[in-house]
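Written below as structure tokens is the structure these notes are about.
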Protein chains: 2
Amino acid sequence: MPKARLTPASVTEAGAALADEVGYENLSMGLLAERLGIKTPSLYKHVTSQADLAHRIAILAMTEMGDAIRDATQGRSGSDALVAGAQAMRTHVRKHPGRYAAGNTARPTGPDDPLIPATERVLASWAAMLSGYRLDPGQQIHAMRMLRSVLHGFATLEAADGFQIDTSVDESFTWLINFIDHGLRAGAVTGSATDR
Amino acid sequence: MPKARLTPASVTEAGAALADEVGYENLSMGLLAERLGIKTPSLYKHVTSQADLAHRIAILAMTEMGDAIRDATQGRSGSDALVAGAQAMRTHVRKHPGRYAAGNTARPTGPDDPLIPATERVLASWAAMLSGYRLDPGQQIHAMRMLRSVLHGFATLEAADGFQIDTSVDESFTWLINFIDHGLRAGAVTGSATDR
DNA sequence: AGCTAAAGGCTAATGACATTAGCTTGAGGA
DNA sequence: TCCTCAAGCTAATGTCATTAGCCTTTAGCT
């Protein structure tokens with residue numbers, strides 16, 4: 001088999017795949033090099049450091065997540081879009097836990113970091129999904145943070161085997177999405193000014 | 001100050017404090033040893049390995065979290081208990097991000113692992129808080145997973161500086177809790193498809 | 001008091017990694 | 001044909017975690 005020429009992109013892809021296999025925390029330069037059939041130092045011809053690799057994987061992950069959500073919500077709206085988008089998100093994380101972990105660890109390195117637009121695209125998708133509920137503008141940001149929190153939390157706990165009870169996790173997820181859908185439909189939740 | 005004799009417990013406490021300061025991922029045996037005024041290898045007289053240290057920190061974190069929630073929900077019920085418990089949880093994570101991270105990473109090492117009861121105690125607190133809503137038994141586990149997901153997700157995203165927009169994160173949190181409270185109340189009142 | 005053993009520190013050595021320096025070789029273009 | 005550079009490689013360095021083996025202090029006993 002012709003082993004294609006290595007490029008930063010192909011190395012990143014291989015690194016992402018490896019992270020999904022062995023877990024992000026077990027990804028090492030040595031392991032990736034071995035997987036690619038080269039010696040560890042040779043990796044540095046394609047990627048400047050492990051941090052660079054991790055960052056590239058994060059961008060890849062964010063981009064793919066954005067694609068997955070876009071594809072899933074294509075042509076849908078309202079509750080349908082929410083359900084489809086949320087399911088797509090969870091499915092993506094289940095299929096690519098290593099990438100997702102990389103995405104969670106990464107932080108933009110500067111104002112031109114491609115990670116920023118990639119992340120914004122995902123956030124924009126969530127915002128678009130929420131727009132169908134015609135929330136009060138002042139509540140949109142809160143709803144968005146709530147949505148991100150549940151989805152991220154659920155995906156993270158699931159990935160960490162946090163749901164032990166013998167009750168279908170799939171069922172819990174759809175229940176969760178329904179719960180949120182109903183809440184959003186119920187509309188304005190007047191945040192009490194008396195907090196803390 | 002007389003430097004008290006080191007014990008596994010005091011080393012763990014110091015490790016937890018250090019993790020909160022520098023971030024769990026930056027916690028190292030060398031750094032902790034330095035903090036304690038001893039050389040790295042001496043740490044092994046109190047803790048068998050870094051993994052052991054991490055595990056002990058996780059148990060401490062879970063226990064403290066359980067205490068915090070118990071104290072906060074003491075004497076409250078229904079929405080009050082939910083609000084108080086959730087706030088206590090977030091506050092604890094904000095104050096102890098390193099410990100919380102350790103708690104998320106840890107996994108029980110066996111059936112007698114003290115981490116198990118510590119974790120169960122926290123879960124029981126959530127369950128107790130939800131019991132006030134008199135949910136359909138079949139929904140309790142889902143509600144519980146939902147609650148854990150939002151709280152964990154929110155705390156995690158906040159710790160990772162995931163909320164960039166210039167809108168009060170405190171406000172978003174109380175909004176979030178209100179949203180859930182309303183949803184749970186609605187579920188209790190109107191019931192779901194399986195209404196009796 | 002004197003003796004002993006364990007507790008708790010220390011230094012030195014090992015092994016896994018990431019990273020860097022410098023060498024080598026093959027393929028394409030001048 | 002010859003030169004240049006991309007992409008591998010080996011060797012060397014530095015950081016950690018961890019282990020081995022040694023030394024000192026101190027509680028407890030006689």
Side-chain angles (χ1 to χ4, degrees), chain A residues 1-60 98-99 101-107 109, chain B residues 1-60 98-99 101-107 109:
Chain A
M1 296 284 82
K3 52 175 61 179
R5 228 168 121 293
L6 293 181
T7 64
S10 70
V11 167
T12 301
E13 173 57 43
L18 188 52
D20 288 337
E21 267 181 59
V22 305
Y24 180 62
E25 65 284 359
N26 295 316
L27 180 61
S28 71
M29 295 299 267
L31 196 55
L32 177 55
E34 186 183 356
R35 176 62 59 98
L36 291 170
I38 60 179
K39 301 293 179 174
T40 307
S42 303
L43 267 183
Y44 291 77
K45 285 289 153 69
H46 308 287
V47 130
T48 75
S49 67
Q50 187 169 35
D52 178 38
L53 171 66
H55 194 260
R56 285 167 186 272
I57 293 176
I59 294 169
L60 175 64
R99 287 155 149 90
N104 291 331
T105 302
R107 338 248 309 106
T109 60
Chain B
M1 301 281 92
K3 54 176 58 180
R5 229 171 117 280
L6 293 181
T7 63
S10 71
V11 167
T12 301
E13 173 58 44
L18 188 52
D20 287 338
E21 268 182 57
V22 305
Y24 180 61
E25 65 285 357
N26 295 317
L27 179 62
S28 71
M29 296 299 268
L31 195 55
L32 176 56
E34 185 183 357
R35 176 63 59 99
L36 291 170
I38 60 179
K39 301 293 179 172
T40 308
S42 304
L43 266 183
Y44 292 78
K45 285 288 156 69
H46 309 287
V47 129
T48 74
S49 66
Q50 187 168 38
D52 178 38
L53 172 67
H55 194 261
R56 284 167 187 274
I57 294 176
I59 294 169
L60 175 66
R99 287 157 151 88
N104 292 330
T105 302
R107 338 248 310 109
T109 60

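Convention: sequence-line order gives letters A, B, ...; per-chain numbering from 1. Note that the structure is predicted; figures quoted are calculated from it, not measured.
The side-chain contact (heavy atoms from CB on, under 4.5 Å) search around Ala16(A) returns Ile57(A), Leu60(A), Arg99(A), not counting sequence neighbours. In this structure, the salt bridge (charged side-chain N to carboxylate O under 4.0 Å, His left out) partners of Glu21(A), at least two apart in sequence or on a different chain, are Arg35(A).
The CG-C1' distance, from Leu53(B) to dT18(D), rounds to 14 Å in whole Å. Between the CD1 atom of Ile38(A) and the P atom of dG8(D) there is a distance of 5 Å, rounded to whole Å. The CG atom of Leu36(B) sits 11 Å away from the P atom of dC10(C) (whole-angstrom rounding). Going from atom CZ of Arg5(B) over to atom C1' of dA27(D) covers 11 Å, rounded to whole Å. For the pair Leu32(B) CG and dC16(D) P, the interatomic distance rounds to 14 Å; values are reported in whole Å.
OP1 or OP2 of dA7(C) has not a single side-chain nitrogen or oxygen of His46(B) nearer than 4.0 Å. An OP1 or OP2 oxygen of dG8(C) is reached within less than 4.0 angstrom by no side-chain nitrogen or oxygen of Ser42(B).
A distance of 8.5 Å separates CZ in Arg5(B) from OG in Ser10(B), rounded to the nearest 0.5 Å. Atom CG of Leu6(A) is separated from atom NZ of Lys45(A) by 12.5 Å, given to the nearest 0.5 angstrom. Rounded to the nearest 0.5 angstrom, Leu31(B) CG and Leu43(B) CG are separated by 10.5 Å.
At a threshold of 4.5 Å between non-hydrogen side-chain atoms, the residues Leu32(B) and Leu53(B) count as touching.
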With 3.5 Å as the limit, what N/O pairs link the protein to nucleotides 16-23 of chain C?
{"from": "dA18(C)", "atom 1": "OP1", "to": "Met29(A)", "atom 2": "N", "distance (Å)": "3.2"}
{"from": "dA18(C)", "atom 1": "OP1", "to": "Gln50(A)", "atom 2": "OE1", "distance (Å)": "3.4"}
{"from": "dA18(C)", "atom 1": "OP1", "to": "Gln50(A)", "atom 2": "NE2", "distance (Å)": "3.1"}
{"from": "dA18(C)", "atom 1": "OP2", "to": "Met29(A)", "atom 2": "N", "distance (Å)": "3.0"}
{"from": "dA18(C)", "atom 1": "OP2", "to": "Gly30(A)", "atom 2": "N", "distance (Å)": "3.2"}
{"from": "dT19(C)", "atom 1": "OP2", "to": "Tyr44(A)", "atom 2": "OH", "distance (Å)": "2.6"}
{"from": "dT19(C)", "atom 1": "OP2", "to": "Gln50(A)", "atom 2": "N", "distance (Å)": "2.8"}
{"from": "dT19(C)", "atom 1": "O5'", "to": "Tyr44(A)", "atom 2": "OH", "distance (Å)": "3.2"}

